Amino acid sequence: MPPIEIRVMTDVAELPFVEVLNIYESAGWTVYTREPERIRAALVGSSFVAGAFAGERLVGLVRAISDDVTISYVQDVLVHADAQRSGVGAALMDAVAKRYGHVRQHVLLTDDEPRQRAFYESVGYAETRDFGDGSLRAFVRFT
């Protein structure tokens, strides 16, 4: 695989959208790919989007939402199956950390899988139940 380049996307229209869909499919996020225009709208509405490129091929994507003062929320971080475990995900999370380093709270939600926990801990995140004295709670409502 060619060296990975992380590109912050100031115009998400420059992302190769077929490859974006391919990454979501590869990650098994088929709920998202059933309605591709929702993915496009979510990318446009994000405050930060970065792509990981191997040459001209998109192999990873991260998007975040933030008020740029108190909170940043990583909504999606995806790496194509054939590029996983190569540092792409960590590089994408590093791009978010650099962009929002001045923000106090950094949040994300993910599935309860041991590999994911290990990955997110390796890039500086902790589960709320393990944070500090255990008094931090997270609440979620899905509709």
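Source: prediction; values computed, not measured.
A chain of hydrophobic side-chain contacts below 4.5 Å, direct or via other Ile, Leu, Val, Met, Phe, Trp or Tyr residues, connects Val123 to Ile6. Ile4 and Phe119 fall within a single hydrophobic cluster, where Ile, Leu, Val, Met, Phe, Trp and Tyr side chains are chained together by heavy-atom contacts under 4.5 Å. Tracing side-chain contacts under 4.5 Å through hydrophobic residues (I, L, V, M, F, W, Y), one reaches Val44 starting from Met9; they form part of the same cluster.
Side-chain atoms of Gln75 never come within 3.5 Å of backbone atoms of Ala64 as a donor-acceptor pair (strictly under, hydrogens ignored). Looking at Ser46, its side chain does come within 3.5 Å of a backbone N or O of Ala42 through a donor-acceptor pair.
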Between Arg40 and Leu43, is the side-chain contact (heavy atoms from CB on, under 4.5 Å) condition met? List the steps.
CA-CA 5 Å; Arg40 189 183 311 272; Leu43 289 167; 5.5 Å; no
Between Val69 and Val103, does the side-chain contact (heavy atoms from CB on, under 4.5 Å) criterion hold? Intermediate values first, please.
CA-CA 5 Å; Val69 178; Val103 172; over 6 Å; no
Salt bridge (charged side-chain N to carboxylate O under 4.0 Å, His left out) for Arg99 and Asp94? Distances and angles first, verdict last.
CA-CA 9 Å; Arg99 170 61 183 87; Asp94 186 56; over 6 Å; no
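Using a cutoff of 4.0 Å between basic side-chain nitrogens and carboxylate oxygens, Glu25 and Arg34 are not scored as salt-bridged. Ionic pairing of Asp111 and Arg117 is not present here: no N-O contact between side-chain nitrogen and carboxylate oxygen is shorter than 4.0 angstrom. A salt bridge links Arg129 with Glu127: at least one charged nitrogen is closer than 4.0 Å to a carboxylate oxygen.
Looking only at side-chain heavy atoms (C-beta outward), Arg63 and Phe48 stay at 4.5 Å or farther from each other. When side chains are defined from C-beta on, Glu5 counts as touching Arg7, because their heavy atoms get closer than 4.5 Å. A heavy-atom distance below 4.5 Å is not found between the side chains of Leu61 and Val77. No side-chain heavy atom of Val49 sits under 4.5 Å from any side-chain heavy atom of Val62.
Exactly one residue among Gln105, Arg104, His106 makes a side-chain hydrogen bond (donor to acceptor under 3.5 Å, both in side chains) with Ser72. That residue is His106. Paired with Tyr24 under the rule side-chain hydrogen bond (donor to acceptor under 3.5 Å, both in side chains), one option of Asp76, Thr33, Thr30 passes, and it is Asp76.
Taken to the nearest 0.5 Å, the OG1 atom of Thr128 stands 9.5 Å off from the CZ atom of Phe139. Atom OH of Tyr32 sits about 8.5 Å away from atom CG of Leu78, to the nearest 0.5 Å. Note: Asn22 CG to Phe17 CZ = 12.0 Å, rounded to the nearest 0.5 Å. Atom CG of Leu58 is separated from atom CD1 of Ile23 by 3.5 Å, given to the nearest 0.5 angstrom. Between the OG atom of Ser122 and the CE atom of Met93 there is a distance of 9.0 Å, given to the nearest 0.5 Å. In this structure, the separation between NE2 on His80 and CZ on Arg57 is 5.0 Å, given to the nearest 0.5 Å.
For Asp82, the CG atom counts as densely surrounded, since its 6.0 Å shell holds more than 12 non-hydrogen atoms of other residues, nucleotides or ligands. In this structure, Arg38 places its CZ atom where only 12 or fewer heavy-atom neighbours from other residues, nucleotides or ligands lie under 6.0 Å away.
In this structure, Leu109 belongs to a hydrophobic cluster whose other members, linked by side-chain heavy atoms under 4.5 Å apart, are Ile71, Tyr73, Val107, Val140, Phe142.
With sequence neighbours excluded, no residue forms a ring-ring contact (aromatic ring centres under 6.0 Å, His included) with Phe53.
Val74 and Val96 make their closest contact through CG2-CG1, 3.9 Å (heavy atoms, listed as atom of the first residue, atom of the second, distance). Heavy atoms only, all atoms of each residue included: Gln84 and Val79 are closest at NE2-O, 3.0 Å. Nearest approach of Gly60 to Val88, heavy atoms of both residues: CA-CG1, 4.3 Å. Across all non-hydrogen atoms, the minimal contact from Ala50 to Leu92 is O-CD2, 3.8 Å.
Residues Tyr100 and Ser47 bring a donor and an acceptor atom of their side chains to less than 3.5 Å of each other.
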